[in-house]
Amino acid sequence: MTSFLKSFILLVGLSIITKAHTQIQYAEDKVKWSGKVEQTDDYATVIIEASITPNWEIGPLVLPKGSMNLPTVVQLVKSKDFEIAGPMTESKPHSEYDKILDETLVYHVGKAVFKQKIKVLNKKDFVITFKYEFQTCEINAACLPPYASSGTIKVKGNPNAKDQSVTETAGPDTSTTAIAPVTHNDDKDPSPGDKKTTEKKSFGDPPKQKNKSLSGVFIGAFLSGFLALIMPCVFPMIPMTVSFFTKRSKSRIQGIRNAFIYGGSIVLIHVLLGGIVVITGAGHILNELSTNVWFNIFFFLMLFLFGLSFLGAFEIRLPSKWVNSADAKADKGGIVGIFFMALVLSLASFSCTGPILGGLLGGLSAYGGGSALMVGMFAFGLALALPFMLFSIFPSWLNSMPNSGGWLNVVKVFLGFLEIAFAFKFLSTADTTMQWHILEREIFISIWIAIFGTLTLYLFGKFHLPHDSPVVKLSVGRTMTATLALAFTLYLVPGLWGAPLKLINAFLPPDFYAESPKGFGSGRQTITATVHLKDGMHEGPQGLPAFTDYDKALAYAKKVNKPLFVDFTGWGCVNCRKMEQSVWGEPGIIEKLRDDVVIVSLYVDERTELPKKQQKTIQVNGRDFSMITIGNKWTAKQIKEYQTSSQPYYVLQTPDGEDIPVGSADYQNHGSPEVFKKWLEDGLKIFRK
């Protein structure tokens, strides 16, 4: 192994280890919460303390106007055992002016004390549950993800209170909270008459959601690796390679060892490829480019050409010089030789695995992030390597493998049609982002009907492609696949007349991005047929009236005295389309979105340029951020106010622009109609109070 290769592997390893080390720090380890009670007969003061690790800080309950930090939220869970008797107070936070950010930074260090005076209503002893949410940051360094939890405090009963036969307490997930106004006070109890209020902000997603999403990335990439495995360039290599190791090795154990080294080398090659992207920062670039028009056009052309190559129009090969060079080094033997044998397989099979790997990279670019890329590449390589290792352990299994033949080319052609269909998703993202209205919903559906209709005819043997073997009779598997393709084609047809097509709606252009939003020649009624669109409104998802300008929406919300439903979304956001089609339109939800709130959809990938006088560079979380387009403006707003850049992301606000303290909603945590409906109802209840 060359010194360069050793150094590169060491660099990748150090990068991964360093990244893992930064991820083992958790907010709950940096801030410890406890509670106690100072009590008289009728009244008690609940004291909640946050002990903060040295050199770390948390935000106060109240932040200066325009601050980019997250406030700490401390609340008592509502109960019949007590009632709030005045505003909550907190110990005086540290305050300093930052010249770089041009902002006064306010935060707690060491210990933060929060006090809430209550009136005790129960004769018997009871337990108070308190909830807290906070984000902790290392001073002058990075922040950890927001964290939320709860604790309990025992309170003695009040002998002067009326007897209560039933004591009601509720867990953090089902109850409303007793929210008091907030004041800053060094250690003095507040007067019950103080009516000062505080601004509330939503908090980001729990870190565990990312792990859940990465497991989906692993499964998807692993399945992609199996698809690559049954390609004509790879499948015949399995028995040949396994036989080579078993015959060449002096013993069966040595043959198994060599095959494991071979399989491990395949995994390592793909991880190294992912490592290059992570180390060079290309993973972050992929995430930012996922809604870039030229990036999406590039992926459309790449997948379309790969699809044509699968159909037999031409063959894509890497330069033969690369393959020959790796092949020469594979003859040296030993571990280095086995590694280069794996490299030869990877290079020589690129014409088959390249299109699938390209589609995988396209999908990971939409997901974004170096972690997803590394996990995906590891899973893809593992799926490719697994058969070589298993067949080396159990060589008798080789006899049960199907022979290579025409069926492999049928699989290749099938995937070619899927590549071409998937390619149009990237073109659609570019089209909706730029608002060209070239590939509107009806055109997109028509193209997919043509693609899958042609695939159906091919599978039924109605025509042949260049590399096909003669078809004497159709196999059961091919017939069943053709039947499924026919069923899917027929399923698409009603979409031209306005059918929702919920199975694939996330991949289609939005229902309002169409030549006829109501469907060709249909009498389908949308909500806007009965709702007059006000100035600045447009027909949004599910036909709901919506604004795209925050200031106009806020002014209208104030005029009609309704809460503002802020929808951070994107033209190319697949999960946004899923939420709009599968959740927004459900009974009990669509009526509230229509009648009880004012919707404003802020498209973070909107490419329309801002007026020249509004184009500028601002500081967002300590970094320069260029505001050139309308999408840049909404992206900066989301990151600055909510410390997240993922979509969809929903927030409820009062007509004054303050967040209603019900938290945020998103696809990960509120993807089911029941959960989203409860979040919406809870927010409306708080607003009405």
Can you list the steps and then say if V155 with Q39 is a side-chain contact (heavy atoms from CB on, under 4.5 Å)?
CA-CA 8 Å; V155 181; Q39 191 166 357; 3.7 Å; yes
State which residue, out of V120, N122, D125, fulfils the side chain to side chain contact (heavy atoms under 4.5 Å, CB included) condition with K156.
D125
Under the criterion side-chain contact (heavy atoms from CB on, under 4.5 Å), I'd like the reasoning laid out for F114 against F130: C-alpha separation, chi angles, the key distance, then a yes or no.
CA-CA 11 Å; F114 307 94; F130 65 92; over 6 Å; no
Do R688 and D596 sit within salt-bridge range, that is, some charged N less than 4.0 Å from a carboxylate O?
yes
Closest approach of Y132 to G151 (non-hydrogen atoms, all atoms of both residues)
CE2-N, 4.4 Å
Side chains of H108 and E90: any donor to acceptor distance under 3.5 Å?
yes
Tell me, do P655 and N561 make a side-chain contact under 4.5 Å, heavy atoms counted?
yes
Interatomic distance, I47 atom CD1 to E49 atom CD [nearest 0.5 angstrom]
7.0 Å
Just verifying a value: how many Å separate K616 NZ and S626 OG, rounded to the nearest 0.5 Å?
12.0 Å
Nearest-0.5 Å distance that lies between atom CG in L564 and atom CZ in F547
9.0 Å
Under 3.5 Å, side chain of T72 to main-chain N/O of G59, donor-acceptor pair present?
yes
Least distance between heavy atoms, G683 atom then V662 atom:
N-CG2, 3.8 Å
Please evaluate residues E606 and W571 with respect to the criterion side chain to side chain donor-acceptor pair (under 3.5 Å), reporting the C-alpha separation (whole Å), side-chain torsions for both, the decisive distance (0.1 Å), and the verdict.
CA-CA 7 Å; E606 175 61 56; W571 292 111; 2.9 Å; yes
Residue pair S664 / Y649, side-chain donor-acceptor N/O under 3.5 Å:
yes
Less than 4.5 Å apart, any side-chain heavy atom of F687 and any of L652?
no
Any side-chain heavy-atom pair from I118 and E83 closer than 4.5 angstrom?
no
To the nearest 0.5 Å, what is the distance between CG on L272 and CE on M377?
9.5 Å
Aromatic contact between F134 and W33, with the criterion being ring centroids under 6.0 Å apart: yes or no?
yes
Tell me whether the rings of F565 and F676 are parallel (<30°), tilted (30 to 60°) or perpendicular (>60°).
perpendicular
Go through the steps to decide whether E57 and T136 satisfy the test side-chain contact (heavy atoms from CB on, under 4.5 Å), and finish with yes or no.
CA-CA 6 Å; E57 50 92 358; T136 182; 5.9 Å; no
Does any donor atom in the side chain of Q75 or Q116 lie under 3.5 Å from an acceptor atom in the other side chain?
no
Considering non-hydrogen atoms only, spot the tightest contact between S672 and V583 and give its length.
C-CG2, 4.4 Å
Pairwise side-chain contact, I599 with L593, heavy-atom cut-off 4.5 Å (strictly under):
yes
Would you say the side chains of Y43 and N158 form a donor-acceptor pair under 3.5 Å?
no
For K119, is the NZ atom crowded, meaning more than 12 foreign heavy atoms sit under 6.0 Å from it?
no
Side chains of P673 and I589: does their closest heavy-atom pair fall under 4.5 Å?
yes
Nearest atoms (heavy-atom pairs only) where G570 meets C576
N-SG, 3.9 Å
With a 4.5 Å limit on heavy-atom distance, are the side chains of V127 and I153 in contact?
no
Heavy-atom side-chain contact between V600 and V598 under 4.5 Å:
no
Apply side-chain contact (heavy atoms from CB on, under 4.5 Å) to F568 and Y603, showing your working.
CA-CA 6 Å; F568 288 99; Y603 290 88; over 6 Å; no
Can a side-chain donor-acceptor contact be found between T629 and N632 if the only test is distance below 3.5 angstrom?
yes
Any side-chain to backbone donor/acceptor pair from T53 onto K30? Under 3.5 Å, distance only.
yes
If you round to the nearest 0.5 Å, how far is NZ of K592 from CD of E681?
4.5 Å
Quick one: does D659's side chain have a donor or acceptor within less than 3.5 Å of a partner on P661's backbone?
no
Here the pair of heavy atoms bringing K123 nearest to P159 is CE-O, 3.6 Å
How about T654 and D656: does a side-chain donor come under 3.5 Å of a side-chain acceptor?
no
Close side-chain approach of Y107 to I52, heavy-atom, < 4.5 Å:
no
So, for V77 and K131, which heavy atoms are closest and what is the spacing to 0.1 Å?
CG2-CG, 3.9 Å
Verify whether one side chain among Y550 and Q653 offers a donor that lies under 3.5 Å from an acceptor in the other.
yes
Distance, nearest 0.5 Å, that separates NZ of K78 from CD1 of I84
10.5 Å
Short question: side chain of W679, backbone of D666 - any donor-acceptor pair under 3.5 Å?
no
Ionic contact status for E580 with R577, cut-off 4.0 Å:
yes
